[in-house]
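Chain letters run A, B, ... following the sequence lines, proteins first and then strands; every chain starts at 1.
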Number of protein chains: 2
Amino acid sequence: MEKEITIYDIAKELGVSPTTVSRALNNHPAVNEKTKKKIFSAALESGYQSNVFAANLRNKKTNNIGVIVPRLNSSFQSSVLAGMEKVANEAGYNLIISQSLESYHKEVANALTMFNSRVDGLLVSLAGDTENIDHFMPFLKKGTPLMFYDRIAEHSNTTGITIDNIQAAQNATNHLIEQGCKRIVHVLRTTKINVYADRLKGYKYALLENDIPFNPSLVLYADLVEDVGEEIVNKILKMDPLPDGLFVSNDSCAASCIKHLKLAGIRIPEDIAVVGFNNEFISRLVEPNITTVNYPGYEMGELAMKNLINHLENPGDRMLQNTNKITLRSELIVRASSKRK
Amino acid sequence: MEKEITIYDIAKELGVSPTTVSRALNNHPAVNEKTKKKIFSAALESGYQSNVFAANLRNKKTNNIGVIVPRLNSSFQSSVLAGMEKVANEAGYNLIISQSLESYHKEVANALTMFNSRVDGLLVSLAGDTENIDHFMPFLKKGTPLMFYDRIAEHSNTTGITIDNIQAAQNATNHLIEQGCKRIVHVLRTTKINVYADRLKGYKYALLENDIPFNPSLVLYADLVEDVGEEIVNKILKMDPLPDGLFVSNDSCAASCIKHLKLAGIRIPEDIAVVGFNNEFISRLVEPNITTVNYPGYEMGELAMKNLINHLENPGDRMLQNTNKITLRSELIVRASSKRK
DNA sequence: ATTTACATTACAACCGATTTCATCTATTAT
DNA sequence: ATAATAGATGAAATCGGTTGTAATGTAAAT
């Protein structure tokens with residue numbers, strides 16, 4: 001390829017020093033306006049492109065922000081990412097994204113890669129089987145801003161951003177109870193993840209409030225992948241008596257359950273009333289439309305990124321250090337799958 | 001923060017030269033095995049972290065691969081990204097992702113950012129209103145591998161990877177005709193994008209094959225966003241006579257159409273048989289299940305990334321230069337939404 | 001005319017890894 | 001014994017911006 005143009009070339013061409021060129025291009029106040037103009041137009045004309053490597057080497061920052069997600073191809077996660085990308089892009093940061101595929105080991109590897117790539121900040125939604133967050137310690141030790149979202153590390157005095165999953169689940173369950181449900185099945189992934197653990201709590205609180213005894217056999221654990229409905233419905237059909245309510249921690253999965261319940265001749269919501277979670281697009285398409293908890297993923301992404309960048313650019317304020325948890329509002333959206341009138 | 005450890009520190013500690021440390025850490029054959037061992041353990045012990053900036057500056061590469069997608073939060077695109085991430089990660093590359101939000105201007109800005117970030121390679125799926133690809137010229141001029149996927153730039157002698165959209169649409173349309181459809185509506189986004197232009201062609205070819213005259217008023221243009229079904233169905237309901245087939249370029253949108261058609265009392269597939277596109281998860285959840293074209297997004301992502309990386313690591317072979325188009329297999333999946341027995 | 005103040009600009013030392021070329025030692029061939 | 005070769009290591013230049021400090025120039029003040 002052709003040789004690249006450097007500030008030295010421009011300096012030589014104009015008979016000034018590289019220092020002045022560098023300062024001019026960075027809009028340093030100590031450079032005469034006329035000189036700046038001259039330098040800018042020379043740079044433009046020559047097709048000069050700043051060498052980020054050299055700048056990074058001096059400045060010790062990359063303008064890259066890392067994100068580790070459980071999976072890229074998830075309705076919720078991709079909304080979050082979209083929100084993050086928008087904010088980062090507007091602020092002049094690049095997004096480096098990697099996925100843990102719900103595996104602790106991959107997450108550890110990803111964290112290491114991110115660390116070695118020297119991202120300026122890191123946003124993480126934890127993998128399904130992550131039990132400790134030691135692999136993020138290097139970031140904390142080094143002072144790199146680190147923030148968790150959705151699936152956060154509790155009891156770790158790191159900053160996390162979530163919705164109030166307990167309250168949301170409690171509302172959802174209460175709603176089912178109001179509709180006359182007495183035997184409510186709750187489907188979740190694993191209590192290892194705060195998100196699900198909290199929802200289970202909320203479910204229990206609602207039962208308690210309504211003097212319904214908690215029955216552990218009504219709590220089902222399943223990978224909330226899209227096709228898991230059949231397996232769940234099979235378990236439900238074996239219950240005697242049949243439950244009359246179903247609260248699934250994810251709309252896609254709820255949709256899949258509804259499909260298989262209907263195949264089994266069960267009427268929704270008359271026989272079993274169903275509530276999902278996330279307010280995914282799918283909740284408005286299947287029949288009946290699914291009652292769900294609106295989880296503002298896009299907004300969460302925006303907010304998380306705004307906070308991180310704010311922290312990067314105002315290292316003075318100890319916001320991130322002092323804030324332990326940011327909670328977003330969420331609300332129950334009642335639709336046909338649970339409304340018994 | 002504490003001072004970082006450099007190869008100079010290690011060199012001093014062990015009484016060797018930085019040269020040897022650098023070579024050892026890079027597993028250079030000219031370094032004695034014993035020396036290597038010594039250096040490796042000293043590096044490990046001291047918590048040495050290679051400074052990528054310095055290495056990048058010398059090597060003139062970042063190990064970052066850029067991806068520009070129309071939207072992150074799309075079922076298809078996030079699958080593609082998942083495939084790309086997996087391959088890139090395994091090969092030791094990072095993914096820098098940005099979204100054009102279907103806007104030509106944002107795409108231009110993103111391309112510039114990617115260029116300035118000096119990504120080693122770039123993968124692009126074009127925005128909806130992109131009409132030329134001049135903004136990618138700097139990459140070509142510089143010799144940075146560039147590859148389009150799904151929404152490719154035709155007639156541009158750049159490399160692109162797609163499915164055979166013409167054939168797929170032709171098969172889909174033929175299938176509807178076989179089911180007895182005579183008045184088939186086709187819904188697409190815009191013929192500016194190769195993907196949709198090709199599908200329209202395939203639709204026309206199938207009609208031609210079956211001696212059905214092409215009726216332009218049966219072609220509907222719409223943003224294929226998720227909630228657009230109502231608008232489309234309203235147009236369909238105004239047609240007289242009513243169409244008996246519907247071929248939508250996207251499952252989410254097809255699902256939304258089915259919902260509103262059913263609300264209008266139209267039976268699927270008896271009154272109108274429906275075919276979608278992409279084989280999204282949703283196609284298996286709504287009722288009736290949607291006949292669709294299986295578009296292997298994940299595999300496309302894998303393949304695109306494999307090709308790009310292969311090119312990066314074997315600059316010798318002129319594969320990318322010489323290959324103009326890679327075509328993936330896709331097939332029609334017949335389900336209840338179109339099967340009339 | 002001389003001093004003081006301020007605005008511009010330049011020098012040179014970084015940042016940390018890589019690599020060319022030279023050097024030195026130990027081994028093998030003549 | 002001497003030359004030739006291979007093996008291992010090091011000195012120093014390089015990649016291209018950035019920045020503390022010194023130097024220069026100019027205008028205002030005395």
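No more than 12 heavy atoms of other residues, nucleotides or ligands shown are found within 6.0 angstrom of CD on E45(B).
Rounded to whole Å, the distance from CG on N51(B) to P on dC15(D) is 18 Å. Rounded to an integer number of Å, the gap from CD of E4(A) to P of dG17(D) is 9 Å. Note: OH (Y48(A)) to P (dG16(D)) measures 10 Å, nearest angstrom.
For K37(A), there are no side chain to side chain donor-acceptor pair (under 3.5 Å) partners, not counting sequence neighbours. Checked against side chain to side chain donor-acceptor pair (under 3.5 Å), N94(A) has the following partners two or more places apart in sequence or in another chain: S117(B).
Taking five base pairs at each end of the helix from dA1(C)-dT30(D) to dT30(C)-dA1(D) and finding the rotation axis that steps the C1' atoms of four pairs onto the next four gives two axes whose angle is 50°, to the nearest 10°.
Counting only residues at least two apart or on different chains, the ring pair (Phe, Tyr, Trp, His ring centres under 6.0 Å) pairs with a member in residues 49-87 of chain B are F76(B)-Y295(B). Here salt bridge (charged side-chain N to carboxylate O under 4.0 Å, His left out) pairs that include residues 9-19 of chain B, with residues two or more places apart or in two chains, number zero. Contacts classified as ring pair (Phe, Tyr, Trp, His ring centres under 6.0 Å) and involving residues 91-125 of chain B (residues at least two apart or in different chains) are given here: Y104(B)-H135(B), F115(B)-F139(B). Applying the salt bridge (charged side-chain N to carboxylate O under 4.0 Å, His left out) definition to pairs two or more places apart or across chains, those involving residues 115-139 of chain B are E4(A)-R118(B), E131(B)-K192(B).
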Donor-acceptor pairs are to be reported for all side-chain atoms of residues 63-71 of chain B against protein atoms at under 3.5 Å, with residues two or more places apart or in another chain.
{"residue": "N63(B)", "atom": "OD1", "partner": "K61(B)", "partner atom": "NZ", "Å": "3.3"}
{"residue": "N63(B)", "atom": "ND2", "partner": "G92(B)", "partner atom": "O", "Å": "3.4"}

Validation: residues 23-35 of chain A side-chain donor-acceptor distances under 3.5 Å, sequence neighbours left out:
{"residue": "N26(A)", "atom": "ND2", "partner": "S22(A)", "partner atom": "O", "Å": "3.1"}
{"residue": "N27(A)", "atom": "OD1", "partner": "K36(A)", "partner atom": "NZ", "Å": "3.2"}
{"residue": "N32(A)", "atom": "OD1", "partner": "K34(A)", "partner atom": "N", "Å": "2.8"}

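Phosphate contact (OP1/OP2 of dG10(D), side-chain N/O of S17(B), threshold under 4.0 Å): present.
When all heavy atoms of M300(B) and I161(B) are compared, the closest pair comes out as CE-O, 3.8 Å. Here the shortest heavy-atom pairing between S17(B) and A11(B) reads C-CB, 3.7 Å. The two residues S125(A) and Q77(A) have their closest heavy-atom pair at OG-NE2, 3.4 Å. The two residues I5(A) and S46(A) have their closest heavy-atom pair at CD1-O, 2.9 Å.
For the segment residues 29-46 of chain A, no residue has any heavy atom less than 4.0 angstrom from an atom of DNA chain D.
Each of G15(B) and I5(A) lies near DNA chain D, and the nucleotide nearest G15(B) is the one positioned closer to the 5' end.
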### Task
Heavy atoms under 4.0 Å is the rule here; annotate nucleotides 18-25 of chain D 5' to 3' with B where the base is hit, S where only the sugar-phosphate is, and - elsewhere.
BBBB----
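V52(A) comes within 4.0 angstrom of nothing in the nucleic acid, heavy atoms only.
Along DNA chain C, read 5' to 3', the first and last nucleotides having any atom under 4.0 Å from a heavy atom of chain A are dT8(C) to dG16(C).
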